[in-house]
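The block underneath contains the structure these notes are about, expressed in structure tokens.
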Amino acid sequence: MDDAGNVGAGTARYARKKEAILAAATAILNRQGVRGMTLADVAAKVGLITTSVTYYYRKKDDLAAACFMRGLERFDAMVTQAAAQPDPAARLKTFLDLYLDLNRRVRLGEATPLTSFTEIKALKEPLRSSVSNAFSDLFRRVRAFFESEDF
């Protein structure tokens, strides 16, 4: 019997559930912070029980770190696209256009909100260092937008 179709469906279902958990956790994290977010609240928002969420993320800090990293990945995609522009003004304009369009899509319910990074320091080590380093790397890439003799 060929199980290839079932594996793909299971993987897609896993990915959808993981995305739903991240979206719910991000919304709670943005409102209540790392300390205020609970796995039970996230589970309730997604229609699961807490142990189902722990299948994806063992601890609350793991989930919070995943939310921060997902937010950084989303920013990184915008930074990468903007960095391809030929000069600082075009890079900045492209980034702002992408960011504002994403915010518009969030307001319309077409995209999930970005993670607020104000709570990174509330993570426990070693997750805090890992997320902080990724944030610093992204910040350096954005700062490089302005590297030009003409600006």
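The first residue in the sequence is number 1, and the count goes up from there.
The hydrophobic clustering, which links ILVMFWY residues whose side-chain heavy atoms are closer than 4.5 Å, places Val106 and Leu72 together. Note: the hydrophobic cluster containing Met37 also contains Tyr55 (ILVMFWY, side chain heavy atoms under 4.5 Å, direct or indirect links).
The minimum heavy-atom distance between Leu138 and Phe75, with the atom names listed, is CD2-CB, 3.4 Å. The two residues Ala82 and Phe145 have their closest heavy-atom pair at CB-CZ, 3.5 Å. Shortest non-hydrogen contact noted between Leu29 and Cys67 is CD2-CB, 3.9 Å. Taking every heavy atom of both residues into account, Pro88 and Phe146 meet most closely at CB-CA, 4.1 Å. Summarising the geometry of Asn30 relative to Pro113, their closest heavy-atom pair is ND2-CB, 4.3 Å, with the distance given to 0.1 Å. When every heavy atom of Glu119 is checked against every heavy atom of Val34, the shortest pair comes out as OE1-N, 3.0 Å.
Taking CD1 of Ile21 as the reference point, atom OG1 of Thr26 lies at 11.5 Å (rounded to 0.5 Å). Distance check, rounded to the nearest 0.5 Å: CG of Leu98 to OG1 of Thr80 gives 10.5 Å. Note that the OG atom of Ser130 and the CD atom of Glu125 stand 9.5 Å from one another [nearest 0.5 Å]. Going from atom CD1 of Ile28 over to atom OG1 of Thr38 covers 6.5 Å, rounded to the nearest 0.5 Å. Note that CZ of Arg128 and CD1 of Ile120 are 11.0 Å apart. Values are rounded to the nearest 0.5 Å. The distance from the OG1 atom of Thr112 to the CG atom of Leu22 is 8.5 Å, given to the nearest 0.5 Å.
Put simply, the side chain of Asn103 never gets that close to the backbone of Leu114: no donor and acceptor are under 3.5 Å apart. A donor-acceptor pair under 3.5 Å is absent between the side-chain atoms of Asp61 and the main chain of Leu123, judged by distance alone. Not one N or O on the side chain of Lys18 forms a donor-acceptor pair closer than 3.5 Å with the backbone of Tyr56. Looking only at distances, a side-chain donor or acceptor of Thr94 sits under 3.5 Å from a matching main-chain atom of Ala90. Without hydrogens or angle criteria, Asp62 side chain to Lys59 main chain gives a donor-acceptor distance under 3.5 Å. Distance alone, capped at 3.5 Å, places no donor-acceptor pair between the Ser132 side chain and the Ser129 backbone.
Of the charged side-chain nitrogens involved, none lies within less than 4.0 Å of a carboxylate oxygen, so that Arg91 and Asp87 do not count as a salt-bridged pair. Looking at Arg70 and Glu73, a side-chain N of the basic residue comes within less than 4.0 Å of a carboxylate O on the acidic one, giving a salt bridge.
Residues Thr50 and Val42 have side chains not in contact (no heavy-atom distance under 4.5 Å, counting atoms from C-beta outward). Phe68 is not listed as a side-chain neighbour of Phe135, based on a closest heavy-atom distance of 4.5 Å or more. Looking at Val46 and Val53, their side chains never come closer than 4.5 Å, going by heavy atoms from C-beta outward.
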Intermediate values then yes/no, side chain to side chain contact (heavy atoms under 4.5 Å, CB included), Arg74 and Leu102: CA-CA 10 Å; Arg74 294 174 74 193; Leu102 176 59; 3.3 Å; yes

Intermediate values then yes/no, side chain to side chain contact (heavy atoms under 4.5 Å, CB included), Leu63 and Leu39: CA-CA 8 Å; Leu63 177 54; Leu39 292 177; 3.8 Å; yes

Does the pair Phe117 and Phe139 meet the rule for a side chain to side chain contact (heavy atoms under 4.5 Å, CB included), with working shown? CA-CA 12 Å; Phe117 299 112; Phe139 182 81; over 6 Å; no

With side chain to side chain contact (heavy atoms under 4.5 Å, CB included) as the criterion, how do Arg104 and Glu110 come out once you've worked through the C-alpha distance, each side chain's angles and the decisive distance to 0.1 Å? CA-CA 9 Å; Arg104 178 190 62 79; Glu110 298 170 356; 4.2 Å; yes

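With a 6.0 Å radius and a threshold of 12 heavy atoms from other residues, nucleotides or ligands, Tyr99 has its OH atom at or below the threshold. Within 6.0 Å of the CZ atom in Arg105, the count of heavy atoms belonging to other residues, nucleotides or ligands exceeds 12.
Within the structure, salt bridge (Lys or Arg N to Asp or Glu O under 4.0 Å) pairs that include any residue of residues 24-47 do not occur (at least two apart or interchain).
Residues forming a side-chain hydrogen bond (donor to acceptor under 3.5 Å, both in side chains) with Ser116 (at least two apart in sequence, or on another chain): Thr118.
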